[in-house]
Amino acid sequence: MTELTNLTIAQIRDGFRAGDFSARDVAEGFNANVAAAKLLNAFIVETPDHALAAADAADKDRAAGTLKPLSGVPIGMKDLFATKGVQTTAASHILEGFVPEYESSVSQKLWDAGAGMLGKLNMDQFAMGSSNETSYFGNVISPWRRGGGDNAPLTPGGSSGGSAAAIAAHLCPGATGTDTGGSIRQPASFAGIAGIKPTYGRCSRWGIVAFASSLDQAGPMARDVQDCAILLENMAGFDPKDSTSLNMPVPQWEAGLSADLKGKRIGIPKEYRVDGMPAEIDALWEQGIAWLKDAGAEIVSVSLPHTKYALPAYYIVAPAEASSNLARYDGVRYGLRDLPDGAGLQDMYAATRAAGFGAEVKRRIMIGTYVLSAGFYDAYYTQAQKVRTLIARDFDAAWESCDLLLTPTAPSAAFALGEKSDDPLAMYLNDVFTVPTSLAGLPAMSVPGGLDAGGLPLGLQIIGKAFDEQGVLNAGLAIEQRAGFAARAEKWW
Amino acid sequence: MTETSYRIQGATGEWEVVIGLEVHAQVTSNAKLFSGAATAFGAEPNTQVSLVDAAMPGMLPVPNRECIRQAVRTGMAIEAQINKWSRFDRKNYFYADLPQGYQISQLYHPIVGEGALEIDADEKAGIPAPKTIGIERIHVEQDAGKLMHDQHPTMSYVDLNRSGVALMEIVSRPDMRSPAEAGAYLAKLRQILRYVGSCDGNMDQGSMRADVNVSVRKPGEEFGTRTETKNVNSVRFVMAVVESEARRQVDLIEDGGRVVQETRLYDPDKNVTRSMRSKEDAHDYRYFPDPDLLPLELDDAFLEECRASLPELPDAKRARYVNGLGVSAYNAAVLTADVETARWFEALLGEGVDGKQAANWVMSELFGALNRLGKDIAESPVSPEQAAGLLKLVADGTISGTIAKQVFEIMLETGGEAAAIVEEKGLKQTSDTGAIEAVIAEVLAKNPGQLEQYRGGKEALFGFFVGQTMKATQGKANPGVVNELLKKALAG
């Protein structure tokens, strides 16, 4: 029998249903992999008992004939999702030891669908970062290594780096991620897996620790497109507890999967050819175009003229919202409290937040506070909102001549840990291809396209119209089938 | 002369005071503005707090339709522009009673725009004619929690029961020119809120409080620099704040000083305002649109429902009482002043009694009794239906006004119905001329001296004979019949 931890979610689900193995066997297999992969530091908290309990329930349900959509499937949960009774930290010191008395809407949906939890996945602190180096609990190390004996530890990407690394290393078959400016897609690209950020509002934000409310969106990460479809179906849905939640039925994305792209027009935005991008990425992009043509699609050139303003606009809007969203971590009600002797309220705030937030979080709070302050608001925040509108219009205009867009996911393959951690701007450039979609609230996914010369995965990004996750998934499937990406990080941990 | 002549006498001449009020009114609603937690006054600390109110990680606000509805209805009651598109903004600042680290409010696009209300003329108070006070806007926002400093020697405690409760901030134009006008405006606003049912107006419980903006100027000159005195919680205190703050500013300017824009607090014990913080150390609130909330869009059906649900407002009601029912202007004003009184009186009218008779009775008999009992009209032991029963007996001549007073006393005590009491105690008025003539004959026989004087020309004694006759019939004789028969008998 194939090792159970090598199976995809669809294979686990179907094999379990067919009686090929028990849910407990699956959970034990992944629990063992998690326990044996401490070196990767992918999990902040391991919850083997949660996974086993769900597995036992699934085994009972199978016997009783009351199977649920994800019965038998254990997953990883990004530590940004509040999980009842299980520490939820957003990888921060300020929330260290915080155990919610509530369950996020998305995680609740997954448990209701029969899934079990293997643990809480490491991430960039408060989802702020592109390399996982801002986690208070130490960075995740990518299971991937460059070829040729270069053992420099690499980043799994961020902020959902724990999710990406755990899936690539087969510590879990799938995981939740969140994407504010690329936090699902960039790590998926770095780790050679698939990940989709749905249309803003598809997944409830209730119970997800907020970074930038107008951009934050949960989505699945998994080894392939079908698994993403399966997970997304069980994460999405209207939630009256989130005012920005979309009140629309959840399509049956898995059933709707089709790699036949006849009649589809794929736009290639010329502004995404940036200076200094490795030739391999350009080549992969060309390859992706060829694959989509092969799948029956028509390729058209489009222009998204305001693309170059997206990154600066994003790094105004996101920190502005974050500076306000993170004000609640004040040491008064929960989480860390640093109360020096004789300190007053203001001293407590200062000490608590100085000790509780990492450098990147502080940087963004300060940027956000600055751009919202009197005298600067119009020059920064108002201007950024205008740019945001223009970017959304760019996409609207593009949709007049195409149905989907194809771009690289990130401007490089995974870089070494420490390589960019002293240069925030270089780090922010990682998001250059993912941020415009976030600003426009559109669905987008990354699928593995191939390996670079160093043997590291590279991803292709498909961007769709609002609510057209199906189109995105289908184009992703077409690429996946033609790329035949089967590379796997060699186990060293 | 239609403007107030209120002036502050300074060493350099007369000064005019300019007043604007920002009134915070707690919206009457079972749940908070963005959470389902309860809003009852006086509950044990931290028992009415949801995860949202405590700003737990990942919690999101969801607007409560009823709070929005109440704000819209209030706007309609002051004939304001209702904005079909409005938006919530975050006002960012740190304080221990503010769990989110920001208050959700509406700075840029309030739900209610320009409106106005009219204060009544009050000669005695120096308001010679009715005056329209402009209202700039009404927006809705969250209340903060409460710090308790008296629970522990070194620590302060936080009670989040009020955290997230919906407030309407009603911002007037700087249109008031005297303490009396400020007081009248606040009283009128409170009256309207209570009629509409959007705020209970209980200032002593903090469900309504005013920030008082005061500046002074020489008449005709530009506005002076204003100060804002926060959280003033009665009509009387608002008037006192205006008076003392205006006086302070005049003295300051005349002594060569300069008024600084600042926030002040009122100390009712000493009747002075004190500086709280100046503009220099004012917060930069970093307002920006709340990204957790979509813009608020009101559809026509919602607005129609709001409008249809508005009650008759005090000014309209008063006019109807005077013009339609013949109630005196004074009585109409008193009967409409308070919504509970108006409701009681409306119920009484609904029983089909004569308006004027009913108004007189409520003003004298009912108010007198309630006053004696120390009860509000809402706690009246006699219901409007019961009172109508009593008034009808008077109107159809079954009992006299005098007997009615007796019956009413019994009703207050026993809660019984007027007709049953009259029946049981045999208090029915009699118009039986034979019986009355017999009594009159007896009265005249008993009082020969008075009879002689009367017949000698002292006609004022007629009342004496009426009184004696009524007394002898225990008040049951029909006074009209008594008058007629007495006149005949006395004429001899």
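Side chains are part of it too, since the values below use all heavy atoms of this structure and drop only hydrogens, waters and symmetry mates. Chain letters run A, B, ... following the sequence lines, proteins first and then strands; every chain starts at 1.
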With a 4.5 angstrom heavy-atom cut-off, which part of [X] approaches chain B: side chain, backbone, both or neither?
X: A/Phe376; answer: neither
X: A/Leu326; answer: neither
X: A/Ala90; answer: neither
X: A/Val332; answer: side chain
X: A/Pro100; answer: neither

Task: Test side-chain contact (heavy atoms from CB on, under 4.5 Å) applied to A/Ala310 - qualifying residues, sequence neighbours left out - done: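 In terms of side-chain contact (heavy atoms from CB on, under 4.5 Å), with neighbours along the sequence ignored, A/Ala310 is linked to A/Ile391, A/Val435, A/Pro436, A/Leu439.
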
Task: Within 6.0 angstrom of A/Met366 CE, more than 12 heavy atoms from elsewhere - done: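 No, not enclosed.
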
Note each donor-acceptor pair with a separation under 3.5 Å, taking one atom from chain A and one from chain B.
| residue | atom | partner | partner atom | Å |
| --- | --- | --- | --- | --- |
| A/Tyr102 | OH | B/Pro57 | O | 2.6 |
| A/Arg205 | NH1 | B/Asp292 | OD1 | 3.0 |
| A/Arg205 | NH2 | B/Asp292 | OD1 | 3.3 |
| A/Gly207 | N | B/Gly58 | O | 2.8 |
| A/Ser213 | OG | B/Asp292 | OD1 | 2.9 |
| A/Ser243 | OG | B/Pro61 | O | 2.9 |
| A/Ser324 | OG | B/Arg90 | NH1 | 2.9 |
| A/Ser324 | OG | B/Asn92 | OD1 | 2.8 |
| A/Asn325 | OD1 | B/Arg90 | NH1 | 2.9 |
| A/Asn325 | OD1 | B/Arg90 | NH2 | 3.0 |
| A/Arg328 | NH1 | B/Met56 | O | 2.9 |
| A/Arg328 | NH2 | B/Tyr102 | OH | 3.1 |
| A/Arg333 | NE | B/Ala54 | O | 2.8 |
| A/Arg333 | NH2 | B/Pro99 | O | 3.0 |
| A/Tyr334 | OH | B/Ala55 | O | 2.5 |
| A/Tyr349 | OH | B/Tyr95 | N | 3.4 |
| A/Tyr349 | OH | B/Tyr95 | O | 3.4 |
| A/Tyr349 | OH | B/Ala96 | N | 3.0 |
| A/Ala374 | N | B/Asp284 | OD2 | 2.8 |

Task: chain B contacts, top residue of A/Leu215, A/Ile208, A/Leu80 (heavy-atom pairs, under 4.5 Å) - done: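 Sorted descending by pairs with chain B, the first entry is A/Ile208.
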
- [ ] Among the options B/Gly101, B/Pro99, B/Ala96, pick out the one with the most heavy-atom pairs lying under 4.5 Å from chain A.
- [x]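 If we count pairs closer than 4.5 Å to chain A, B/Pro99 comes out on top.
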
